[in-house]
Amino acid sequence: NGVSIDGQGGPDLFGYKWIDSNDPNGPLYTWYNITSNPSAVQVVFTGGNLDDGSTGAIPIGFPFEYYGNLFTNLYICTNGFISFNALTSSYVTNIQIPSASLPNNIIAPFWYDLDGRTHGKVHYLFENNKFYIQFTNWQKYNATGSLSFQMVLYSDGRVMFYYNNMNATLTSATVGIENSAGTDGLQIAYNAAYVSNGLAVKISADPDWLTNNISGGTIFNGNFIDVVLTLSSEDYPLGTYTMDLVINSNDLVNPTITIPVIMEIANIFELTS
């Protein structure tokens with residue numbers, strides 16, 4: 001559950017794993033500066049406090065499944081994390097996770113005592129079934145430097161971290177996720193040399209490249225229903241990916257049906273005269 005030389009780790013008790021762009025099979029680093037999008041919303045923290053501040057409930061734009069629960073709102077803290085619980089403090093001291101100590105139900109790309117009073121800003125954007133949160137030009141408290149990073153929540157439950165300009169001491173922060181009770185979590189780094197410029201981290205509970213539209217139900221004799229599979233190649237490197245779709249039923253002859261699924265990601269070039 002800590003830093004891995006292979007660029008990946010987990011799973012936690014729920015099944016979340018992480019993998020970063022240093023791993024050959026990890027996600028690609030792409031920086032989408034949402035501040036250039038006119039639809040991006042600049043966050044206003046309670047009382048305008050850019051040091052140890054937090055927000056009220058912010059709509060995500062879709063039901064986001066996290067540790068088996070669905071959330072439609074989140075709360076942002078100036079100290080480099082979000083929570084799906086209302087925040088009653090700024091939690092300036094980052095700790096190891098998981099921990100029953102507050103805050104819980106968090107996603108932390110860079111939890112530390114951050115200060116945005118000089119030129120720090122936070123924006124969020126809902127676009128194409130993704131919810132972006134971007135910290136731009138933040139500093140550590142009583143320190144110089146500039147920190148710009150981003151987290152992205154996907155409608156399929158994936159979480160991505162992107163680190164763009166991390167110009168500061170990076171060996172004193174917590175990176176990871178934690179459930180609502182603090183009994184389960186995935187610690188990627190704690191006060192360790194891990195975060196760097198141009199790093200991408202993906203957190204997901206398998207499978208995340210293959211989803212289906214139903215998980216159960218009843219079909220009466222002589223009827224049928226379509227199971228729609230959605231394959232997502234975004235943030236995956238080129239290659240072949242395989243998985244089994246297993247259908248369980250009360251059919252006495254064929255109680256289990258296994259259907260193999262293969263996704264191949266390859267470059268496609270179009271030639272025009």
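Throughout, numbering of the chain's residues begins at 1 and tracks the sequence.
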How long is the span from the [atom1] atom in [X] to the [atom2] atom in [Y], to the nearest 0.5 Å?
X      : Y      : atom1 : atom2 : answer
Ile19  : Asn25  : CD1   : CG    : 5.5 Å
Leu153 : Phe62  : CG    : CZ    : 6.0 Å
Arg158 : Lys130 : CZ    : NZ    : 8.0 Å

Can you confirm if the aromatic rings of [Y] and [X] lie within a centre distance of less than 6.0 Å?
X      : Y      : answer
Tyr132 : Tyr32  : yes
Phe64  : Phe71  : no
Phe126 : Phe131 : no

Would you tell me whether [X] and [Y] have side-chain atoms, one donor and one acceptor, within less than 3.5 Å of each other?
X      : Y      : answer
Tyr194 : Asp20  : yes
Asn164 : Gln150 : no
Asp251 : Ser249 : no
Asn191 : Ser172 : no

How would you list, by chain and number, every residue that makes a salt bridge (Lys or Arg N to Asp or Glu O under 4.0 Å) with Asp51, sequence neighbours excluded?
Arg117

Which residue, Asn105, Asp12, Asn179, forms the side chain to side chain donor-acceptor pair (under 3.5 Å) with Tyr67?
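When Asn105, Asp12, Asn179 are each tested with Tyr67, the side chain to side chain donor-acceptor pair (under 3.5 Å) holds only for Asp12.
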
Do the rings of Phe161 and Tyr163 sit parallel, tilted or perpendicular, given the 30° and 60° boundaries?
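Perpendicular.
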
Do the side chains of Ile203 and Leu70 join up, straight or via other hydrophobic residues, at under 4.5 Å, putting them in one cluster?
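In one cluster: no.
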
Taking it one step at a time, do Trp138 and Asp115 satisfy side chain to side chain contact (heavy atoms under 4.5 Å, CB included)?
CA-CA 6 Å; Trp138 284 71; Asp115 189 347; 5.6 Å; no

Can you tell which of Trp111, Tyr75, Phe135, Phe110 makes a ring-ring contact (aromatic ring centres under 6.0 Å, His included) with Phe81?
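Looking at Trp111, Tyr75, Phe135, Phe110, the match for Phe81 under the ring-ring contact (aromatic ring centres under 6.0 Å, His included) is Trp111.
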
